[in-house]
Amino acid sequence: MPTSPGSLRLLFLSYWSADDPLTTATVLPHLRLLQACEDVAHICVVTIERDGQSTTDYQLHLPFASPKIVFRPLVSRRRGSVLLTKTEDFTRFPAELAALAKEQGCTFLLARGAPAGSLAYLVWRRTGLPFSVESFEPHGQYMREAGVWSRFDPRYLLEQYWEKQQKKYARFLLPVADNYRQQLISEGVPAERIITVPCSVDLTAFAYHAAHRRAVRQHLGWPEDAVVGVYAGKFGGIYYNDEAFALFRQAADFFGLSFRLLLLTPLPAAAVQDQLVAAGLLPSQTYVAKVPFTEVPHYLSAADFAFGLHRPTPFVSPIKHGEYWANGLPILMPDGVGDDSAIVKREGGGAVFDLTRPDSVDEALQQLRTILNTQNYRSTCEKLAQRYRSTRLAHAAYDLLLAKIR
């Protein structure tokens, strides 16, 4: 291990592709923080690309200049089924990562997310290269609870096993929620090996701007007094799907003809519009689009509140919650989502519902309307982002991590 400042050479492994929205929203901001650390001399960034092209066809679009960073994608080869493809990934990639770490002179491997952590563990087993896992979560449990994997799915069984090995052999685990930190401690992971790092947001980039609000509403032909709800993300899996569209309908019924809905999603707009119509929403009430990441804050500024649609999961830190709060938007969210539901119930910044209680959505909507009628409610939400989702928290966590591994 390196012992002097500026000598750390990191292999940073993301399980997402270079152009995945999660890479833009979560990986790039953390790379900016890492490359600014004096202890870090070099970062080799690896993403997993899944459309079978040559490695030269991919680029990592950094919004900042850094001579410390090099990009080396790995390409997953399609093998006829998801299971066969994943099997080849996890048999081929550890050797390729080990060779890459040697080529780049890497002294530490930092993986983002438990699936990437599984690969990191396999590299460690092969080479002894020490590793840590940020954004560590019970991924296998999530996928099973969401119905994506079954109890006997080989992917679920292997992920469960590999997560246990990460808990045992990773130098440090960096969960995104304090709830999971407490759970890991209860499972026997030493507290000194756990550093909580909530998904952080560039507060300046996502700040509210009245000019953006006016411009977007004028572009859409929506009046200034419309009550606009926004959701940014996907549907299904770990997120509500049918429940989400029923929730949109309830909000439309509650706020009446003044209600408008913005959906910023990578999913095909026509298919999403069909679901909206099936749920009883009028096309004139809704706008569905995939927009560049840099334009997302403009659309958030046009909204009055946001929908949080992550299924109840106590160990997550949805990046979109931080983006919503940074823009001053209260969030209508399910109970039991990471640390955020408890923050809302304790400090405001939204309203919480429980779909197992039929009346809870109406109660939450009543609470939300009270918030919207409160002067300077956006300021309250912005302060939550500053307190719980600022990049300074990630910066402090990285300082602590690097000091421990130096």
Side-chain angles (χ1 to χ4, degrees), residues 1-2 8-17 22 26-27 30 34 43-50 72-76 82-83 85-144 149 153-176 180-181 183-185 187-197 315 397-398 401-402 404-405:
M1 288 297 296
L8 280 168
R9 299 181 65 86
L10 299 178
L11 181 64
F12 188 102
L13 175 59
S14 168
Y15 198 67
W16 305 310
S17 64
L22 285 171
T26 68
V27 172
H30 282 209
L34 283 168
I43 308 173
C44 178
V45 181
V46 179
T47 60
I48 308 298
E49 308 298 334
R50 295 182 174 82
R72 297 291 186 271
L74 296 180
V75 180
S76 177
V82 173
L83 183 57
T85 299
K86 295 291 186 181
T87 298
E88 200 216 27
D89 288 350
F90 278 82
T91 53
R92 178 167 60 90
F93 286 161
E96 294 188 9
L97 287 165
L100 183 60
K102 182 178 181 180
E103 170 200 311
Q104 295 288 318
C106 295
T107 53
F108 200 87
L109 197 163
L110 184 58
R112 182 163 184 86
S118 298
L119 288 170
Y121 159 71
L122 294 173
V123 172
W124 170 83
R125 196 173 68 177
R126 177 184 291 264
T127 67
L129 183 68
F131 72 100
S132 290
V133 187
E134 66 163 40
S135 195
F136 182 70
E137 61 183 11
H139 181 75
Q141 176 185 327
Y142 292 170
M143 297 295 277
R144 180 183 168 190
W149 293 345
D153 189 315
R155 293 170 295 178
Y156 169 71
L157 297 174
L158 283 170
E159 182 62 27
Q160 288 289 91
Y161 170 76
W162 285 330
E163 286 175 19
K164 289 181 180 178
Q165 303 312 302
Q166 291 172 60
K167 294 173 188 177
K168 186 175 181 180
Y169 294 111
R171 284 285 303 277
F172 296 95
L173 297 173
L174 287 74
V176 296
Y180 197 35
R181 181 180 189 276
Q183 174 65 27
L184 290 169
I185 292 172
E187 293 176 12
V189 180
E192 59 269 20
R193 287 179 49 219
I194 308 170
I195 306 171
T196 303
V197 190
F315 307 140
Y398 277 141
L401 171 69
L402 297 177
K404 288 177 177 290
I405 65 177

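The model shown is predicted, which means the values in this text are computed figures rather than measured ones.
Among residues two or more places apart in sequence or in another chain, the side-chain contact (heavy atoms from CB on, under 4.5 Å) test is passed with L83 by S81, T87, P154, R155. Listed by chain and residue number, nothing satisfies the salt bridge (charged side-chain N to carboxylate O under 4.0 Å, His left out) test with K86 (two or more places apart in sequence, or in another chain). Every side-chain contact (heavy atoms from CB on, under 4.5 Å) that T196 has, sequence neighbours left out, goes to P175, D178, R181, P198. The salt bridge (charged side-chain N to carboxylate O under 4.0 Å, His left out) search around R72 returns none, not counting sequence neighbours. Taking A114 as the reference, F136, H139, E159, E163, Q166 meet the side-chain contact (heavy atoms from CB on, under 4.5 Å) condition, with sequence neighbours excluded. For Y161, the side-chain contact (heavy atoms from CB on, under 4.5 Å) criterion is met by Y121, Q165, not counting sequence neighbours. Every residue was checked against the ring pair (Phe, Tyr, Trp, His ring centres under 6.0 Å) condition with F172, not counting sequence neighbours, and none meets it. Not a single side chain to side chain donor-acceptor pair (under 3.5 Å) links T127 to another residue, sequence neighbours left out. In this view, E192 satisfies the salt bridge (charged side-chain N to carboxylate O under 4.0 Å, His left out) rule with no residue, not counting sequence neighbours. Scored by the side chain to side chain donor-acceptor pair (under 3.5 Å) test, S132 finds no partners at all (sequence neighbours excluded).
A salt bridge (Lys or Arg N to Asp or Glu O under 4.0 Å) check over residues 120-135, counting only residues at least two apart or in different chains, returns the pairs R112-E134. Annotation: salt bridge (Lys or Arg N to Asp or Glu O under 4.0 Å) contacts involving residues 92-103, sequence neighbours excluded, comprise E88-R92, R92-E96.
Annotation: side chain of Q183 is in contact with side chain of E187 (closest heavy-atom distance under 4.5 Å). Using a 4.5 Å heavy-atom cutoff, the side chains of V197 and H30 are in contact. You'll find the side chain of F93 reaches within 4.5 Å of the side chain of S76, heavy atoms only. Annotation: side chain of L11 is in contact with side chain of C44 (closest heavy-atom distance under 4.5 Å).
A donor-acceptor pair under 3.5 Å links the side-chain atoms of R193 to the main chain of A170, judged by distance alone. When atom types are taken as modelled, the side chain of T47 and the backbone of S14 share no donor-acceptor pair closer than 3.5 angstrom. Panel note: side chain R171, backbone L401; no donor-acceptor pair is recorded below 3.5 Å.
Going from atom CD1 of I185 over to atom CD1 of I194 covers 4.5 Å, rounded to the nearest 0.5 Å. The distance from the CG atom of L402 to the NZ atom of K404 is 12.0 Å, given to the nearest 0.5 Å. Between atom OH of residue Y15 and atom CG of residue L22 there is a gap of 14.0 Å, rounded to the nearest 0.5 Å. Atom CD1 of I405 and atom CG of L8 lie 5.0 Å apart (nearest 0.5 Å). Expressed to the nearest 0.5 Å, how far CZ of F131 lies from CG of L119 amounts to 11.0 Å.
Here the closest heavy-atom approach between residue S118 and residue W162 is recorded as OG-CB, 3.3 Å. G113 approaches V133 most closely through the heavy-atom pair O-CG1, 3.5 Å. The nearest pair of heavy atoms linking L110 to Y398 is CD2-CE2, 4.0 Å. Taking all atoms of both residues into account, the shortest heavy-atom contact from V176 to F315 is CG2-O, 3.6 Å. F12 and V27 get closest at one heavy-atom pair: CE2-CG1, 3.7 Å. Contact between A120 and L109 at its shortest, heavy atoms only, is CB-CD2, 3.5 Å.
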**Message:** Apply side chain to side chain contact (heavy atoms under 4.5 Å, CB included) to residues K167 and L184 and explain how you reach the verdict.
**Reply:** CA-CA 8 Å; K167 294 173 188 177; L184 290 169; 3.9 Å; yes

**Item:** side chain to side chain contact (heavy atoms under 4.5 Å, CB included) between Y180 and L173, intermediate numbers included
**Value:** CA-CA 10 Å; Y180 197 35; L173 297 173; over 6 Å; no

**Message:** Assess the residue pair S135 and T26 against the criterion (side chain to side chain contact (heavy atoms under 4.5 Å, CB included)); give the C-alpha distance rounded to whole Å, side-chain angles, the decisive distance to 0.1 Å, and a yes or no.
**Reply:** CA-CA 10 Å; S135 195; T26 68; over 6 Å; no

**Request:** Go through F90 and L122 one step at a time and tell me if the side chain to side chain contact (heavy atoms under 4.5 Å, CB included) criterion holds.
**Result:** CA-CA 8 Å; F90 278 82; L122 294 173; 4.0 Å; yes

